[in-house]
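Notes to accompany the following structure.
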Amino acid sequence: MNPYITPMSDKNSTCNEKVFDEFFKSHSKLLRNYIYYKFGDLDQAEDIVQDAFIKLWNNCSKVTVDKAKSYLYTVATNLGISITRHQKVKFKYQDYVTQRNTDVNIESPEFIALEKEYMEKLKNAIAALPERQREVFLLSRIDKKTYREIAELSGVSVKAIEKLMHKALLTLRKTIGNI
C-alpha cells in the first residue's frame, strides 16, 4: 500500500465509503438471515446486523475488505449470543419468582409473611448483583447447571465461574444473610 494514500481513498479499504456501502448492500441481507435463523428473532437480527456494521465501520482501519465478512459474522454471532444469554437468565429468574409465588403453602400466616419478606429481599439482592455474577448464580442455583456447563455456555474458564459465584455468594450473604 502506498504510504501517501490514506485509507479513506484506498479503493480496497472498508474505510472507503463507496466500498463500505457496496459491502453493506451485498452482505447485510445474508447476515440478517443467518442471525435470524440462528437466534429466531427477526427484529433482533436486524438490530444485530446494524450493530455489527457500525462496529465494522468504527474499526475499518483495522479490518481489510478480505477479512470484513468473517469479522462481521463473528461480531454478529457474539452479539446474538450475548443477548440470548442475557434473556435466558432474565426469563429463568422471572420463572423462578413466578413459581415461588404460586407454590401452595400450608404454613402459618407468620411463616408465610416472613417467607414473602425474605423472598423480596432475595429478589432485590439478586437483581442488584452485577450482570455476570447474577447470571452465574441463577444458572447454578435455579437451572442446576454445573460450573463446567456454565463455563462452556459463557466461553470462560471454570475458575472464572467459580470466582464469579464466590463473589455473588459473598455479596448475597452480606446483603441478606446465609443462603
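- Nearest approach of Thr14 to Cys60, heavy atoms of both residues: OG1-O, 3.0 Å.
- Lys55 is not listed as a side-chain neighbour of Asp51, based on a closest heavy-atom distance of 4.5 Å or more.
- Taking the side chain as every heavy atom from C-beta outward, Leu56 and Phe24 never approach each other to under 4.5 Å.
- Here the side chains of Glu46 and Asp43 are in contact, with some heavy-atom distance below 4.5 Å.
- Asn16 places a side-chain N or O within 3.5 Å of a backbone atom of Lys18 that can act as its donor or acceptor partner.
- Across Val49 and Ser28, no two heavy atoms sit closer than the pair CG1-O, 4.0 Å.
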### Query
Can you check side chain to side chain contact (heavy atoms under 4.5 Å, CB included) on Arg134 and Glu131, steps first, answer last?
CA-CA 5 Å; Arg134 183 176 57 245; Glu131 181 181 341; 3.9 Å; yes

### Criterion side chain to side chain contact (heavy atoms under 4.5 Å, CB included) on Met165 and Arg141, from CA distance to verdict
CA-CA 10 Å; Met165 186 64 166; Arg141 295 298 199 256; 3.0 Å; yes

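- In this structure the side chain of Gln44 reaches within 4.5 angstrom of the side chain of Thr84, judged on heavy atoms.
- For the atom pair CG of Leu79 and OG1 of Thr74, the computed distance is 11.0 Å after rounding to the nearest 0.5 Å.
- Between Tyr34 and the options Leu72, Thr77, Ile48, a side-chain contact (heavy atoms from CB on, under 4.5 Å) holds for only Thr77.
- Side chain of Ser140 to main chain of Val136: no donor-acceptor pair is present (N/O by atom type, distance under 3.5 Å, no hydrogens or angles).
- Counting only heavy atoms from C-beta outward, the side chains of Met119 and Leu122 approach each other to under 4.5 Å.
- Rounding to the nearest 0.5 Å gives a distance of 12.0 Å between CG of Asp47 and CD1 of Ile35.
- With hydrogens and angles ignored, the 3.5 Å screen pairs no side-chain donor or acceptor of Asp21 with any backbone N or O of Glu17.
- By the 4.5 Å side-chain criterion applied to Ile, Leu, Val, Met, Phe, Trp and Tyr, Tyr37 is assigned to a cluster that also includes Tyr36, Leu42.
- Among all heavy-atom pairs drawn from Ile126 and Phe137, the shortest one is CD1-CE2, 3.5 Å.
- Put simply, CD on Glu117 and CD on Glu120 are 9.5 Å apart, with the number rounded to the nearest 0.5 Å.
- Across every non-hydrogen atom of Ser154 and Glu135, the tightest pair is OG-OE2, 3.7 Å.
- Looking only at side-chain heavy atoms (C-beta outward), Tyr71 and Lys62 stay at 4.5 Å or farther from each other.
- Grouping the Ile, Leu, Val, Met, Phe, Trp and Tyr side chains by contacts below 4.5 angstrom, directly or via other members, places Leu30 with Phe20.
- From Lys38, atom NZ reaches atom OH of Tyr73 across 12.0 Å, with rounding to the nearest 0.5 Å.
- Between Cys15 and Ser61, the closest heavy-atom pair is SG-N, 3.2 Å.
- Of the listed residues (Leu170, Thr171, Leu172, Leu169), just one forms a side-chain contact (heavy atoms from CB on, under 4.5 Å) with Gln133, and that residue is Thr171.
- When every heavy atom of Tyr118 is checked against every heavy atom of Ile176, the shortest pair comes out as OH-CD1, 4.0 Å.
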### Task
Test side chain to side chain contact (heavy atoms under 4.5 Å, CB included) on Arg132 and Val156 and set out the steps.
CA-CA 11 Å; Arg132 295 288 290 139; Val156 296; 4.0 Å; yes

